[in-house]
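Chain letters run A, B, ... following the sequence lines, proteins first, then strands; residues in each count from 1. All figures in this text were calculated on a predicted structure; none of them were measured in a lab.
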Amino acid sequence: MSTIEDAVRSFLGQFVSDPDVEGDHDLFSSGMVNSLFAMQLVLFVEKQYGITVANEDLDYENFKSVNAIVGFIQSKQ
Amino acid sequence: MDFDLTTEQSRAKSEFRQWVEQCVVPVADANDNREQTPPELIAEIAANGYLGALVAKEYGGRGMDALTWGLLCEEVGRGSASLLSLLTVHGMVIQSLAKWGTLAQRERWLPKLATGATVGAFGLTEPNIGSDAKNIESTAVLQADGTYLLNAEKRWISFGASADLVLVIAKVGDKATAFLVERGMPGFSIEPIRGMLGFRSANIARLLMRDVIIPAQNIVGKVGFGFSHIAGTALDHGRYCVGWGCVGLAQAALDAALSYSGERYQFEVTLNKHQLIQEMLAEMIVNVKAARMLNYHAAFLKDRGDPSLIMETSMAKYFASRVASQAANAAVQIHGANGCSSDYPVQRYFRDAKIMEIIEGSNQMQQIIIAKSGYQQHLVNKRAARRSAAEGEGR
Ligand SMILES: Cc1cc2nc3c(=O)[nH]c(=O)nc-3n(C[C@H](O)[C@H](O)[C@H](O)COP(=O)(O)OP(=O)(O)OC[C@H]3O[C@@H](n4cnc5c(N)ncnc54)[C@H](O)[C@@H]3O)c2cc1C
């Protein structure tokens, strides 16, 4: 497991009962997370990786699953 | 966590306090009676740079840190909850644009929002939809020329009657989207609402948008991100601002109660010599301190950009609004009939405090997310304990 994935899963573990979901499992459409999670995720990515998430990054494909989030972070580094 | 204010923060706090004492407190009851914040007071708050408090210096704002901004909200909330709501909603537009606006939107609007040349408001609530905000009924339909046709009715919009620019959440198909609606756009009308219980001088309005043509460049963020990210940013800011404002409101109620109970005689001693009155005062004193601490904690997390700030801000707003309500209630009780009259401001605190428990996510909505988050934290702790026990056994 990559360290980014570890960190993402550990962060996710604060909000869902099963942070060990499949990497491609859709976190939002499955209703696993509440409406506050989107902004909590933005803050996590920004603080942990020194990335700024901005207008052009607002793409569902960047946030929808563990794999998507990991890919997004990697693409920004 | 450091509770000491820096020299600059202390200086700012005295500046805010002095301004509120001189310019807000003397007119707050009259504005409440008149059900209006006059444009001159909006101009004055703008002239001090308070409307641009959160705008970065490069765009002409004061670029305040989270704690200094909180101290401003506390002081303004102490003077007038209605005026605080101008800082709240104007700031919601600023924060949304600063975070999610395009460069062109930031360059166009932030300098004007900073000076108050443009006053902002936030339109989410509708006649049929309040707490269940994901299910708003306002619609925006993409047209062949790339513009959007907006049809919306937004209710209870603070400073809607004064706003030049409203951040409106509507649905494009099933996707919540944030639009900048400008005063004067054809089909956009504003009707002031009178007769509210509290926030009477918050220039509240009903906003009607009938076939308003919105250019695509007035979308903030992207289609589908209007609720989760744009309203998410705005509402987090709103809760933060209201949390601090409630501390100010509760402090005002406490100050009034301390003053009155030290001067009014009944049974040949001042009220504050009666132990039942002391109980109320003690509750108020400790609760106001506790509410302030929760808000300091939220400020500390906000200045660090910590993800936990969202839940901590929700808790601070929830607790502080309850404290404001209880404190204002006790202040009216301590004032007796005087407290029920327009001769004393405690009746205004009492009415405004009730509103604080409803706006920016009602207290029931806060309870739901706080309880869920608490249980989630419990599961996280349990998992961690299980893991460390398993590691212990493996050793
Ligand atoms: C003075 C004032 C200023 C405002 N300014 C603005 C503004 O600037 N912009 C804006 O968009 N809106 C504004 N609002 C609207 C405000 O955000 C809403 O009033 C609030 O979100 C609650 O919605 P509602 O009034 O429709 O109540 P409802 O959602 O209809 O709720 C009614 C009651 O039921 C409770 N309730 C609802 N669902 C549940 C549940 N699942 N479980 C338990 N209890 C529940 C609520 O807590 C509430 O007590 C303002 C309101 C006021 C009073």
Inset, instruction - With rounding to the nearest 0.5 Å, note down the distance linking CG in B:Leu301 to CG in A:Leu43. - result: 10.5 Å
Report yes if some heavy atom in the side chain of [X] is under 4.5 Å from a heavy atom in the side chain of [Y]; otherwise report no.
X: B:Arg383; Y: A:Pro19; value: yes
X: B:Lys99; Y: A:Thr52; value: yes
X: A:Asp59; Y: B:Lys222; value: no
X: B:Trp100; Y: A:Val53; value: yes

Against chain B, label [X] side chain, backbone, both or neither, depending on which of its atoms sit under 4.5 Å from a heavy atom there.
X: A:Phe11; answer: side chain
X: A:Glu46; answer: side chain
X: A:Val45; answer: neither

Inset, instruction - Determine the minimum heavy-atom distance between A:Ala38 and B:His229, stating which atoms define it. - result: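 Looking at all heavy atoms of both residues, the closest pair is CB-CE1, 3.5 Å.
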Legend entry - Closest approach of A:Lys47 to B:Pro307 (non-hydrogen atoms, all atoms of both residues):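 In terms of heavy atoms, the two residues are closest at CD-CD, 4.2 Å.
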Legend entry - CZ (B:Arg106) with more than 12 external heavy atoms under 6.0 Å: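 Buried by this count: over 12 neighbours within 6.0 Å.
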Inset, instruction - For A:Lys76, look at atom NZ and say whether over 12 heavy atoms of other residues, nucleotides or ligands are found less than 6.0 Å away. - result: yes
Inset, instruction - Could you check which of B:Ala231, B:Ser308, B:Ser314, B:Ser228 has the highest count of heavy-atom pairs closer than 4.5 Å to chain A? - result: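 Most heavy-atom pairs under 4.5 Å with chain A: B:Ser228.
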Using heavy-atom distances under 4.5 Å, tell me whether [X] contacts chain A through its side chain, its backbone, both, or neither.
X: B:Asp236; answer: neither
X: B:Leu103; answer: neither
X: B:Ile369; answer: side chain

Inset, instruction - Among residues two or more places apart or on two chains, list those pairs meeting side-chain hydrogen bond (donor to acceptor under 3.5 Å, both in side chains) that have a residue in residues 367-378 of chain B. - result: B:Tyr318-B:Gln367, B:Gln377-B:Asn381
Inset, instruction - Heavy atoms only, distances under 4.5 angstrom: which of A:Glu56, A:Gln40, A:Gln48 has the most pairs with chain B? Name it, please. - result: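 The answer is A:Gln40.
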Inset, instruction - Classify the ring geometry between A:Phe63 and B:Phe225 as parallel (under 30°), tilted (30 to 60°) or perpendicular (over 60°). - result: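 Because their plane-to-plane angle is over 60°, the rings of A:Phe63 and B:Phe225 count as perpendicular.
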